[in-house]
Amino acid sequence: LYDPPEISARAQNLRGLIEMMFAYRDADGRMIERDPEELYAYARRCQEELGLDVAHLCGYHEGGFDAHYPLYHRVLPSIGGEEGLKRFIRRCNETPGMTTDIYINCRLTDMDTEWWAGKGLEWACRSKDGTPFVEYYNHRRFTVACPLARGRMDWWIDQVLRFVQWGIQG
């Protein structure tokens, strides 16, 4: 059985998330991208005026939020790619009283990626007739990944460890 770790005093004292959406599609399907400087200024304002202290990074990858899952390693060029995102993470973490976490969806696989035809299909939950369960978000199709697929678990552990190496703290 899973034995959860002790929650640190620091984690117990966090006050709230600042959703930092680098890229996403609006209701009309237009891609909205935000500049890292604009997002950092927003985070500082939320911290100062509302007391929020966790920069929750979302939509930093190719396709933006609700797209291309689980290909989070393909960081948007507009951020400066992987190195630019690492700089942004470091800047937030070095800001007194602020920390970072990062949005990853371990449950869904975007069917409109080359990943889906391989591991996405292999790890998909299926109905009795063998067809994958499909969900729709933001005009995109996703399969639901089987939480017990061992290869999937190992792959996600590697992804999370990479984000920790980048400086993500939560």
Side-chain angles (χ1 to χ4, degrees), residues 14 16-47 50 52-95 98-125 132-147 152-153 155-170:
L14 294 174
L17 295 178
I18 308 161
E19 190 166 81
M20 312 282 286
M21 193 71 69
F22 283 95
Y24 63 96
R25 293 202 179 277
D26 69 9
D28 295 324
R30 293 176 300 215
M31 180 62 81
I32 308 297
E33 288 194 32
R34 297 237 165 75
D35 178 76
E37 288 300 318
E38 173 189 1
L39 284 177
Y40 181 76
Y42 170 71
R44 292 291 292 145
R45 185 171 177 197
C46 288
Q47 183 185 33
L50 303 172
L52 302 178
D53 52 6
V54 180
H56 179 61
L57 310 184
C58 306
Y60 49 87
H61 50 87
E62 184 179 276
F65 189 73
D66 271 353
H68 294 225
Y69 297 164
L71 304 175
Y72 295 105
H73 59 283
R74 295 180 181 171
V75 178
L76 290 168
S78 59
I79 299 171
E82 184 178 313
E83 291 306 313
L85 185 58
K86 288 178 187 179
R87 282 191 303 275
F88 187 85
I89 291 166
R90 189 169 40 255
R91 185 177 185 192
C92 290
N93 288 338
E94 290 173 354
T95 300
M98 189 182 292
T99 189
T100 53
D101 78 357
I102 199 160
Y103 179 84
I104 54 174
N105 189 323
C106 302
R107 185 178 161 275
L108 298 178
T109 303
D110 190 332
M111 294 176 72
D112 295 325
T113 64
E114 73 280 358
W115 175 265
W116 185 83
K119 295 297 183 188
L121 182 57
E122 178 184 332
W123 296 340
C125 290
F133 290 108
V134 177
E135 296 182 7
Y136 299 87
Y137 300 97
N138 202 17
H139 310 290
R140 297 185 78 87
R141 302 170 309 140
F142 298 87
T143 53
V144 177
C146 176
R152 177 187 164 276
M153 287 186 252
W155 189 84
W156 273 112
I157 288 169
D158 290 343
Q159 304 313 301
V160 169
L161 290 174
R162 180 168 24 127
F163 288 129
V164 170
Q165 290 172 346
W166 289 7
I168 288 296
Q169 297 180 346

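Side chains included, hydrogens not; waters and symmetry mates left out as well; all remaining heavy atoms used. All residue numbers in this chain count up from 1 along the given sequence.
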Mark yes or no for whether [X], through its side chain, and [Y], through its backbone, hold a donor-acceptor pair below 3.5 Å.
X   : Y    : answer
D35 : E37  : yes
D53 : G16  : yes
N93 : G167 : yes
R34 : Y24  : no

* Asked: Could you walk me through whether R91 and Y40 pass the side-chain contact (heavy atoms from CB on, under 4.5 Å) check?
  -> CA-CA 9 Å; R91 185 177 185 192; Y40 181 76; 3.3 Å; yes

Atom [atom1] in [X], atom [atom2] in [Y]: separation rounded to 0.5 Å?
X    : Y    : atom1 : atom2 : value
L161 : W166 : CG    : CH2   : 13.0 Å
L108 : D66  : CG    : CG    : 8.0 Å
T100 : M20  : OG1   : CE    : 10.0 Å
T113 : E62  : OG1   : CD    : 9.5 Å
E19  : H56  : CD    : NE2   : 5.5 Å
L85  : R90  : CG    : CZ    : 10.5 Å

* **Check: V144 and E135 side chains under 4.5 Å, non-hydrogen atoms** => yes

* With a 4.5 Å limit on heavy-atom distance, are the side chains of D101 and L17 in contact? -> yes

* Asked: Any luck finding a side-chain donor-acceptor pair between W116 and T143 under 3.5 Å?
  -> yes

* Asked: Going through the checks in order, is the side-chain contact (heavy atoms from CB on, under 4.5 Å) test met by L71 and E114?
  -> CA-CA 10 Å; L71 304 175; E114 73 280 358; 4.2 Å; yes

* **salt bridge (charged side-chain N to carboxylate O under 4.0 Å, His left out) between R140 and D110, intermediate numbers included** => CA-CA 7 Å; R140 297 185 78 87; D110 190 332; 2.7 Å; yes

* Parallel, tilted or perpendicular: ring planes of F65 versus Y103, cut at 30 and 60 degrees -> tilted

Which atoms form the tightest heavy-atom contact between [X] and [Y], and what is the distance?
X    : Y    : answer
L121 : P132 : CD1-CG, 3.9 Å
H68  : G63  : CD2-CA, 4.0 Å
P70  : T109 : CD-CG2, 4.1 Å
A145 : C106 : CB-O, 4.1 Å
A23  : L76  : CB-CD1, 3.5 Å
M153 : P147 : CE-O, 3.7 Å

* To do: Mind running side-chain contact (heavy atoms from CB on, under 4.5 Å) on L57 and F163 for me, showing each step along the way?
  => CA-CA 11 Å; L57 310 184; F163 288 129; over 6 Å; no

* To do: Before giving the answer on side-chain contact (heavy atoms from CB on, under 4.5 Å), spell out for C146 and R152 the whole-Å C-alpha distance, their side-chain angles and the decisive distance to 0.1 Å.
  => CA-CA 8 Å; C146 176; R152 177 187 164 276; 5.6 Å; no

* Output field: ring centroids W123/W156 closer than 6.0 Å -> no

* With F22, which of F88, Y42, Y72, Y60 fulfils ring-ring contact (aromatic ring centres under 6.0 Å, His included)? -> F88

* Walk me through it: do K86 and E82 pass the test salt bridge (charged side-chain N to carboxylate O under 4.0 Å, His left out)? => CA-CA 6 Å; K86 288 178 187 179; E82 184 178 313; 3.2 Å; yes

